[in-house]
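Presented below is the structure to which this report refers.
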Protein chains: 2
Amino acid sequence: MQITSRFTIAVHIITAIDYFQKTRRVSSEFLAGSVGVNPVIVRNVIGMMREAGILRTQKGSGGAELTRPLSDISLYDIYKAVDCVDSEAGLFHFHEQPNPECPVGRNIHQALDESLAEIQRVMEEKMRSVSLADISERTRQAIGKEAETE
Amino acid sequence: MQITSRFTIAVHIITAIDYFQKTRRVSSEFLAGSVGVNPVIVRNVIGMMREAGILRTQKGSGGAELTRPLSDISLYDIYKAVDCVDSEAGLFHFHEQPNPECPVGRNIHQALDESLAEIQRVMEEKMRSVSLADISERTRQAIGKEAETE
DNA sequence: CCGACCTGTAACATGATATATTACAGGTGT
DNA sequence: ACACCTGTAATATATCATGTTACAGGTCGG
């Protein structure tokens, strides 16, 4: 099991929009080229982030624009926006038919749920603590280092 | 995306083995009845835990037996044993072909990896902090409360 | 030593999901 | 009018989780 690549694709997209938006028009085609996936995937991921209020898009003329500074967008915002996990079901898939006639079967769910929820919570809190500004900053630093060694 | 139910099934199995092993023979058929899945699933999950050294099994006569006390088995041990995530690839699936000709494309992976690894790490550390003794204890308490209200 | 019961494992079916791809209707700006 | 863009539907494919049947071989009580 792995968290869908939509997540890293979305982070890549946001970073690229921020990096390029002042110098060129950032269309889904262009982004698809940078990310290395089909433009339709990009448009879908962008659509999810638009619904989540992270960015705005312009039909026709093209290009996407962030609605707030990178420092106000966390990895958690992206993760939620692109639906990496079902919000209701949670991160862990509990087996669905523990036997109610068995004492363990009818109580294990309740006994485990609290711990599973906590695990999910610490993970999500860590995601909240990382902003897209952090990622963008690291990306720009890496690009800067490339220039040095040329 | 969700973590496979093999994980909660495995926790259920360990808890049930501990709960029943002194009073009856705990076969894969019996466990399958408690968990509510096919006996083959149980045998496969048990097989994975055997490979991980968490329990021993007896061909022929049946029954599984834990190799160490519940307090020495953590949720993380189970999670690793039943292969919830690919150990090499990690929890997050990075898109595989970011464009090396794009400055963002060729640096985003490195810029993100550190954060993704940290997120995975805090999650796994939380899993290490919960032992099967905790889960068993809560299960037994829940069973005890049932008895009270009868 | 036979028969009942068990495990380990392979083989196959099925449904869900991630990703890719084609297609097209409709918006925008020159 | 035309080129370029987005939003979205429809479809294809591959992978994976889970279920199911089947069977070879181990163990043990009678």
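Owing to the predicted nature of the structure, the values given are computational and were not obtained by experimental measurement. Lettering follows sequence order; numbering is per chain, from 1.
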Between [atom2] on [N] and [atom1] on [X], what's the gap in Å once rounded to a whole number?
X	N	atom1	atom2	answer
E29(A)	dC4(D)	CD	C1'	10 Å
N44(A)	dA10(D)	CG	P	14 Å
R6(B)	dT18(D)	CZ	C1'	10 Å
H93(B)	dC16(D)	NE2	C1'	13 Å
L31(A)	dC5(D)	CG	P	11 Å
M1(A)	dT18(D)	CE	C1'	16 Å
I46(A)	dT8(D)	CD1	P	13 Å

Using heavy atoms and a sub-4.0 Å distance, could you list which residues of residues 34-42 of chain B are near DNA chain D? By number, please.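 DNA chain D contact set from residues 34-42 of chain B: V37(B), N38(B), V40(B), I41(B).
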Axial cation check for F30(A) ring with R24(A), 6.0 Å and 45° limits: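 Verdict for F30(A): a cation-pi partner in R24(A).
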dC16(D) OP1/OP2 closer than 4.0 Å to side-chain N/O of T4(B):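 No, because none of the side-chain N or O atoms of T4(B) sits under 4.0 Å from OP1 or OP2 of dC16(D).
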Under-4.0 Å side-chain N/O to phosphate OP1/OP2 contact, R25(A) with dC5(D):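 R25(A) to dC5(D) OP1/OP2: side-chain N or O found under 4.0 Å.
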Consider only side-chain N and O atoms of [X] and [Y], and report whether a donor and an acceptor are under 3.5 Å apart.
X	Y	value
T57(A)	R43(A)	no
S34(A)	H12(A)	yes
S74(B)	D77(B)	yes

Per nearest nucleotide of DNA chain D, the residue lying toward the 5' end, R43(B) or C84(B), is C84(B)
Measure the shortest side-chain to side-chain distance between I135(B) and I108(A) over non-hydrogen atoms and say whether it is less than 4.5 angstrom. yes
Any ion pair linking R106(A) and E101(A) (charged N to carboxylate O, less than 4.0 Å)?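 R106(A) and E101(A): not salt-bridged.
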Lys/Arg N to Asp/Glu carboxylate O, D113(B) vs R138(A), below 4.0 Å: no
Looking at R121(A), M123(A), E124(A), which hits side-chain contact (heavy atoms from CB on, under 4.5 Å) with L91(A)? M123(A)
Quick check on Q141(B): does its CD atom have over 12 non-hydrogen neighbours (other residues, nucleotides or ligands) under 6.0 Å away?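 Above 12, so yes.
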Quick check for you: name the first and last nucleotides of DNA chain C, 5' to 3', having an atom under 4.0 Å from a heavy atom of chain B. dC5(C) to dT19(C)
